[in-house]
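All chains are named by letter (A, B, ...) in the order of the sequence lines, taking the proteins before the strands, and each is independently numbered beginning at 1. This structure is a prediction, so every number in the text was calculated from the model and none was measured. All heavy atoms count here, side chains included; hydrogens, waters and symmetry mates do not.
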Amino acid sequence: MLKNLVIVESPAKAKTIEGFLGKDFVVKSSYGHVRDLNKTQLSVDIENGFMPQYEVSPDKKKLIAELKKLAKDTEMVWLASDEDREGEAISWHLFEALGLKEDKTKRIVFHEITKTAIQKAIENPREIDHNLVSAQQARRVLDRLVGYELSPLLWKKVKPGLSAGRVQSVAVRLIVEREEEIKNFESSSAFRITAQFTFEKDGQKHQLQAELAERFEKEEKAREFLYSCVGAGYTITAIEKKPSKKSPAAPFTTSTLQQEASRKLGFSVANTMRVAQQLYESGKITYMRTDSVNLSNLAITMAKEAITETYGEKYVKTRNYTTKTKGAQEAHEAIRPTYLDQPEVKGSADEKRLYDLIYKRTIASQMADAKLEKTQVTIDVSTNKKQFTAKGEVILFDGFLKVYMEGTDDENGEESNHLLPPISKGQQLNLNEMIAQERFTRHAARYTEAALVKKMEELGIGRPSTYAPTISTVQKRGYVVKEDREGTVRNYKVMSLKKDKLSEKTASENTGFEKSKLFPTDIGTLVNKFLCQYFEGIIDYNFTANVEKEFDEIAMGQKEWNLMISEFYGPFHKKIEDTTENAGKFSGEKLLGTDPESGKNIFVKVGRYGPMVQLGDTDSEEKPKFAGLRKNQTMETITLDEALDLFSFPRTLGNYEDKEMTVAIGRFGPYVKHDSKFFSLQKTDDPADIETERAIEIIEAKREKDRNSTIATFDKEPDLKVLDGRYGPYISYKKKNYKIPKGTDPETLDLEACMKIVDNPDNAPKKRFTRKKSSK
DNA sequence: CAGTGAGCGAGCTTCCGCTTGACTT
């Protein structure tokens, strides 16, 4: 009989811990949650105290059976899931699903994976905290109720297949509102005056860059100022020195790792997590989904040693960081290298780069402050009362800067603090050139994925394990797109004073260029408008923070979980019913104008398949005509002329092989149709310009490509083909695809062998899991 | 992925938070 069975959440953790515990312990993993609400129905019994109806998750059936068998023959089961709300619930679900006995079960927790921490945990077991489990249950039920009542309402009122939820809808709101802010932003310009001075000291020539403290809104005033400096002398009248320091940033959490990897390595949030997972699984870093900035004592000791050895003792300053994040649950350590004596690891290029970032951030966090000296120099102008200032910064002691400096999201990095030449008070300066350059104010920056995560974390919305999936969800639903956008050229005025002569010119710059930024789509904007209008409370930025307070009360045993849910659900559900009944279709319909040919109205609106234009009124006798918007068109910017162009399809071309060709625009872009087959246009083709000749070219090019990807065909069975596709060779038969078993050379297949493959159910195409409903 | 859009109505879609692989037709 087995003595001890320990169950943790992650298999990599299980492996490490098993090494610490010795042969009397077997350590297994639950792979996260093991039970959940059924996803095909609400699974919350509203009439009976909102009782959730749990079931073992389909992908956990096998695992639970295994664990159950193991637990039966074990003297003591130790539930060692994380010490937070979700972790406590996982332990309780395991207890229930495995049918454990209280006297044979213990609950233990630890925040760091070290031998002492585990042994201490084993010596201090406790029982499952049912209040904490109730708080998780409240969280789970609330999210289900919100998601599963709001989403169907969107299907009815806006468009099928949409979704809404406590987290994703706020993420979309942030992006939509930022876009509106940008749209309403009015840029203003002012003239910034900079001067380059020279002087000689001890036979050496020096330069000094300075800026006028004041900016001029009007071009005329800037010009006046430059003129006023003609023939002027310049003198340094004050030098002010101030000591300052910089401290290192805290070790990485999930959110800060995503931000830095985005800023410094250009990683998407999903890529960062994928690479971090690989590093974690190969034992190189600690757990990557965490909101804690805490390092274990062991880690701090290791860091101290590494810093002392490489940089010397005066670079060491050990620190304990505390989180400032709202709602942080700190079940894990910060993200750090497992072994701090390893500055480099083997692995893919991405793994190496991400590890390097984690290594440096961790080491720097335990290093001394950088000591600086900031200098401000004041320069008087003899011909007027205005003053220039020059700023400089000297690093007296580099400290942690030797290793790592946190990146910034600030795109207005105009101010540069450079080294100053040897200056002294009273020094006379010569003006080399003075420039007045028109500078424009900038709108707030659009969100990158990582910047959105940062904002969500500030609002306490979402968790480390959901940041990346949420960003992917809002893109999958078509609410948000991640795109590059080209900028526009803008002119600005430059005036220069050199050798007492004024010259003026107009220069141009590219502005508004965006790389990998999040933009709202028409659907995202419309859904946000709908939710703002009818469910302001749910997408309020403080909604999560407020319900979190109540979850905390439940966790402390001060409130019943289902009472909390009931208080929320009453008004919420009433609003759902009201809106279902009283609100009309929410299509964002807008009249664009009238068709000059027929005089009928042309609208733009969201239809069953997305944004479209409509020719003719919905309630008119004659059925209106519809056409979907192209990818680069939006409901807000489409013009009447563009709408009319969309109605010019399908357009008939000449014949080819005695069959008619047409050109049209469909769901997947423009295409040529011939003999009831479809041929997609190239990106460079404009469907408005396609004529017979080009259409034939496109058809022939497609046929050629098909021929090249055909491995074998058979005269006896024209429906069967061996083809080479995206994922390698496969068999196509009667519009269904079959995989070829491993180790079979597709070139050698004859018809008989193919039919054998087709008939073998193992090779049958995978069907989407659909629940069979009993027929009535 | 497959080239639609009213209305009729069946049947489908959907949440957040914990975890990894499987493996694309």
* Structure fact -> Applying salt bridge (Lys or Arg N to Asp or Glu O under 4.0 Å) to A/Arg139 and not counting sequence neighbours gives A/Glu86, A/Asp143
* Can you tell me how far C1' in B/dC1 sits from the matching atom in B/dT24, rounded to whole Å? -> 14 Å
* Asked: Has A/Lys284 got more than 12 heavy atoms of other residues, nucleotides or ligands less than 6.0 Å from its NZ?
  -> yes
* A/Gln614 has an atom CD; how far is it from atom P of B/dA6, in whole Å? -> 9 Å
* Which residues share a salt bridge (Lys or Arg N to Asp or Glu O under 4.0 Å) with A/Arg35, sequence neighbours left out -> none
* Report the distance from atom NZ of A/Lys156 to atom P of B/dC12, rounded to the nearest whole Å. => 16 Å
* Sequence neighbours left out, what passes side-chain hydrogen bond (donor to acceptor under 3.5 Å, both in side chains) with A/Tyr467? Give chain and number order. => none
* Measure the distance from CZ on A/Phe603 to C1' on B/dA6 and round it to the nearest whole Å. => 13 Å
* **A/Glu88: salt bridge (Lys or Arg N to Asp or Glu O under 4.0 Å) partners, not counting sequence neighbours** => A/Arg107, A/Arg126
* **Any residue meeting salt bridge (Lys or Arg N to Asp or Glu O under 4.0 Å) with A/Lys605, in chain and number order, not counting sequence neighbours** => A/Glu589
* Asked: side-chain hydrogen bond (donor to acceptor under 3.5 Å, both in side chains) with A/Thr634: which residues, sequence neighbours excluded?
  -> A/Thr637
* Quick one, give me the B/S/- string for nucleotides 14-21 of chain B, reading 5' to 3', where B means a protein heavy atom under 4.0 Å from the base and S means that only happens at the primed atoms, P, OP1 or OP2. => BBBBBBS-
* Span that lies between the C1' atom of B/dT4 and that of B/dT25, in whole angstrom -> 25 Å
* **With sequence neighbours excluded, residues passing side-chain hydrogen bond (donor to acceptor under 3.5 Å, both in side chains) with A/Thr662** => none
* **Nearest-Å distance for atom pair CG/P, residues A/Leu153 and B/dT13** => 18 Å
* Nearest-Å distance for atom pair CG/C1', residues A/Leu154 and B/dT13 -> 11 Å
* Asked: What interatomic distance, in whole Å, is found between C1' of B/dC23 and the corresponding atom of B/dG3?
  -> 29 Å
* Round to a whole Å and report the spacing from CG of A/Leu646 to C1' of B/dG3. => 15 Å
* To do: Can you tell me the distance, in whole Å, between the CZ atom of A/Phe647 and the C1' atom of B/dG5?
  => 11 Å
* Structure fact -> Per-residue pairing states of DNA chain B in dot-bracket (Watson-Crick or G-U under 3.5 Å; . unpaired, | other strand) read .........................
* Asked: Any luck finding a side-chain donor-acceptor pair between A/Gln277 and A/Tyr287 under 3.5 Å?
  -> no
